[in-house]
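Please read the structure below before turning to the comments.
This chain uses plain numbering: 1 for the first residue, then up along the sequence. Everything numeric here is computed off the predicted structure, so don't read it as measured data.
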Amino acid sequence: MKQTQRNLILVSILIISCIGGFIAAYRTGYTPGGLELVIMALIVFAAIYAFVVHFKQHKDVESGFPAEDEMSTLIKYKSGYYAFLASLYMWLFIFMFKDFFDDIETMLGGGILLSAAISIAIKMYLTRHYHEDQN
């Protein structure tokens, strides 16, 4: 219980810091371009997803359910495998089309955030469509 509550507080603090950083960057005169807006949207999406997952986990623990069971562990492993494979191909395409990026930092940062988004999407899909008889 204390661990899930601690994780929920940590994620909330990180979300507030992220929003504060975006506001501070905007007030200093920074106007993001097209790719930077996509990267910022991925950061916000990942933060909101982390908050929702930790909030649901906290409610489950308060209701007396375990934080993780065998099914969620299997989903986590399977989604990690699929996300790794998808990220390999994504990085291949990023390096093939590296001329479309302004600089190396944007390319690497966008790739890492896109890998996180792929992982989140695959985990969400498997959570909804995974059955116990599948391997």
Practice task
Please check if atom CD1 in Ile104 has more than 12 non-hydrogen atoms from other residues, nucleotides or ligands closer than 6.0 Å.
Solution key: no

Fill in the blank from the handout: dist Leu74:CG -> Ser79:OG (nearest 0.5 Å) comes out at 10.5 Å

Practice task
Could you tell me the separation between the NZ atom of Lys78 and the CG atom of Leu126, rounded to the nearest 0.5 Å?
Solution key: 6.5 Å

Exercise for the section: Following the transitive rule for hydrophobic clusters with a side-chain heavy-atom cut-off under 4.5 Å over Ile, Leu, Val, Met, Phe, Trp and Tyr, establish whether Leu92 and Tyr81 coincide in one cluster. Expected result: no

Exercise for the section: To the nearest 0.5 Å, tell me how far Ile122 CD1 sits from Phe84 CZ. Expected result: 12.0 Å

Problem - Other residues, nucleotides, ligands: >12 heavy atoms within 6.0 Å of Tyr49 OH - result: yes

Exercise for the section: Give, for atom CD1 of Ile94 and atom OH of Tyr89, the distance between the pair rounded to the nearest 0.5 Å. Expected result: 15.5 Å

Practice task
Just say parallel, tilted or perpendicular for the rings of Phe100 and Phe97, cut-offs at 30° and 60°.
Solution key: tilted

Exercise for the section: Without swapping roles, check the side chain of Thr127 against the backbone of Lys123 for a donor-acceptor pair under 3.5 Å. Expected result: yes

Practice task
Could you grab the distance from atom CE of Met107 to atom CD1 of Ile112, nearest 0.5 Å is fine?
Solution key: 10.5 Å

Exercise for the section: Following the transitive rule for hydrophobic clusters with a side-chain heavy-atom cut-off under 4.5 Å over Ile, Leu, Val, Met, Phe, Trp and Tyr, establish whether Ile120 and Tyr125 coincide in one cluster. Expected result: no

Exercise for the section: State, to 0.1 Å, how close Ser115 and Ser87 come at their nearest heavy-atom pair, and which atoms those are. Expected result: OG-OG, 3.5 Å

Exercise for the section: Answer yes if Phe45 and Leu114 sit in the same cluster of Ile, Leu, Val, Met, Phe, Trp and Tyr residues linked by side chain heavy atoms under 4.5 Å apart, and no otherwise. Expected result: no

Fill in the blank from the handout: Nearest heavy-atom contact between Phe51 and Ser12 is CE1-OG, 3.3 Å

Problem - Nearest-0.5 Å distance, CD1 of residue Ile15 to CG of residue Leu10 - result: 10.0 Å

Exercise for the section: Determine whether Ile75 and Met124 fall in the same hydrophobic cluster, where Ile, Leu, Val, Met, Phe, Trp and Tyr are linked whenever their side-chain heavy atoms lie under 4.5 Å apart. Expected result: no

